[in-house]
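These notes are about the structure you will find just below.
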Amino acid sequence: MHLTDHTLATSTGVVRAETIGPLLAEQLTELIGHGPYTVKPVIDLNKTISADAYEIPTKIREHIKLLHPVELFPYGTRESRTTIDLDHIQPYDPLGPPHQTNTTNLAPLSRYAHRVKTHARGWTVHRLDRQTLQWTTPHNFTFRVDPTGTHRVPTRGDS
């Protein structure tokens with residue numbers, strides 16, 4: 001649902017329901033009834049949000065979950081729920097610059113993938129754009145992970 005604060009306060013005006021279309025505020029009440037509902041602002045997924053701490057605030061966690069519905073490890077299938085690990089792609093440095101915990105430096109990873117990235121030798125990862133990570137394995141295979149899945153990057157000698 002998309003509505004203005006005025007429409008919410010006065011119950012007059014137009015509401016846009018994503019799968020239905022525009023409705024009058026009175027029609028919305030008829031459609032969903034009365035009850036306790038949670039109203040949240042729209043999250044702009046193109047905006048970078050940051051925090052000056054290692055811990056990840058709920059607002060950033062929700063942003064990452066919406067931006068990346070599935071973990072960003074090659075062939076990963078784990079959904080980005082509230083319990084998934086959010087990994088700092090560039091390791092967090094407590095003595096480093098501010099805003100290291102931000103939506104462009106975090107990636108949802110299962111606990112296994114997070115441990116592989118952090119502790120296994122030979123794995124590297126870097127962000128290509130807002131939605132794509134490029135991984136290189138210890139055997140020098142390269143994969144790009146984006147919203148459409150995992151794609152192997154051919155190396156010289158591949159046909």
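Note: hydrogens, waters and symmetry copies are ignored here, and every other heavy atom, side chains too, is used.
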Open item on the list: Donor-acceptor check, side chain of Thr150 to backbone of Val145, threshold 3.5 angstrom: yes or no?
Closed with: no
- [ ] Find out whether His126 and Thr136 are in side-chain contact, i.e. whether some heavy atom of one side chain is under 4.5 Å from a heavy atom of the other.
- [x] no
Open item on the list: What's the separation between atom CD1 in Ile60 and atom CG in Leu67, rounded to the nearest 0.5 Å?
Closed with: 12.5 Å
Task: Qualifying residues under side-chain hydrogen bond (donor to acceptor under 3.5 Å, both in side chains), relative to Arg144, sequence neighbours excluded - done: Gln134
Task: Side-chain heavy atoms of Glu26 within contact of Thr12, under 4.5 Å - done: yes
Open item on the list: If I take atom OG from residue Ser11 and atom NE2 from residue His6, how far apart are they, to the nearest 0.5 angstrom?
Closed with: 10.0 Å
Task: Asp146 side, atom CG; Thr148 side, atom OG1 - distance, nearest 0.5 Å - done: 3.5 Å
TODO: Kindly indicate, with the supporting measurements, whether the criterion side-chain hydrogen bond (donor to acceptor under 3.5 Å, both in side chains) is fulfilled by His88 and Asn105.
DONE: CA-CA 5 Å; His88 288 84; Asn105 191 37; 5.1 Å; no
Open item on the list: Working to the nearest 0.5 angstrom, can you tell me the gap between Gln131 CD and His68 NE2?
Closed with: 6.0 Å
Open item on the list: Measuring only between side-chain heavy atoms, which start at C-beta, is Thr118 closer than 4.5 Å to Asp87?
Closed with: yes
Task: OH/Tyr92: more than 12 non-hydrogen atoms of other groups inside 6.0 Å - done: yes
Task: Euclidean distance, Ile56 CD1 relative to Arg61 CZ, rounded to 0.5 Å - done: 5.0 Å
Task: Within one Ile-Leu-Val-Met-Phe-Trp-Tyr cluster: Trp135 and Ile89, side-chain cutoff 4.5 Å - done: yes
Open item on the list: Tell me whether Glu71 contacts the main-chain N or O of Pro108 through its side chain, where contact means a donor paired with an acceptor under 3.5 Å.
Closed with: no
Task: Ile49: which of Thr104, Thr103, Leu106 passes side chain to side chain contact (heavy atoms under 4.5 Å, CB included) - done: Thr103
Task: Nearest-0.5 Å distance that lies between atom CZ in Arg78 and atom CG in Leu109 - done: 10.0 Å
Open item on the list: Show the nearest heavy-atom pair for residues Lys65 and Ser80, with the distance to one decimal.
Closed with: CG-O, 2.7 Å
Task: Trp123 ring center near Phe73 ring center (under 6.0 Å) - done: yes
Open item on the list: Can you list everything that forms a side-chain hydrogen bond (donor to acceptor under 3.5 Å, both in side chains) with Asp129? Sequence neighbours excluded, please.
Closed with: Thr132
Open item on the list: Can you give me the closest heavy-atom contact between Val70 and Gly76, atom names plus distance?
Closed with: CG1-O, 3.6 Å
Task: Glu62 side chain to Lys59 backbone, donor-acceptor under 3.5 Å - done: no
Open item on the list: In this structure, would Ile20 and Val15 fall into the same cluster of hydrophobic residues linked by side-chain contacts under 4.5 Å?
Closed with: yes
Task: Closest contact, heavy atoms only, Pro138 versus Arg121 - done: CG-O, 3.3 Å
Task: Verdict with reasoning, Phe141 to Val153, per side-chain contact (heavy atoms from CB on, under 4.5 Å) - done: CA-CA 8 Å; Phe141 293 109; Val153 177; over 6 Å; no
TODO: Go through the structure and list residues passing side-chain hydrogen bond (donor to acceptor under 3.5 Å, both in side chains) with Arg111, not counting sequence neighbours.
DONE: Asp85
Open item on the list: Using a 6.0 Å cut-off, check whether atom CZ of Arg115 has over 12 heavy atoms from anything other than its own residue.
Closed with: no
- [ ] Mark yes or no for whether Gln100, through its side chain, and Asp93, through its backbone, hold a donor-acceptor pair below 3.5 Å.
- [x] yes
TODO: Taking all non-hydrogen atoms of both residues into account, name the closest pair between Pro98 and Asp52 and its distance.
DONE: CB-OD1, 3.2 Å
TODO: Identify the two heavy atoms, one from Ile43 and one from His63, that lie closest to each other, and give their separation to 0.1 Å.
DONE: CG2-ND1, 3.6 Å
Task: Verdict with supporting geometry, Leu45 and Leu66, side-chain contact (heavy atoms from CB on, under 4.5 Å) - done: CA-CA 8 Å; Leu45 297 179; Leu66 293 170; 3.9 Å; yes
Task: Distance-minimising heavy-atom pair for Thr7 and Gly13 - done: OG1-CA, 4.0 Å
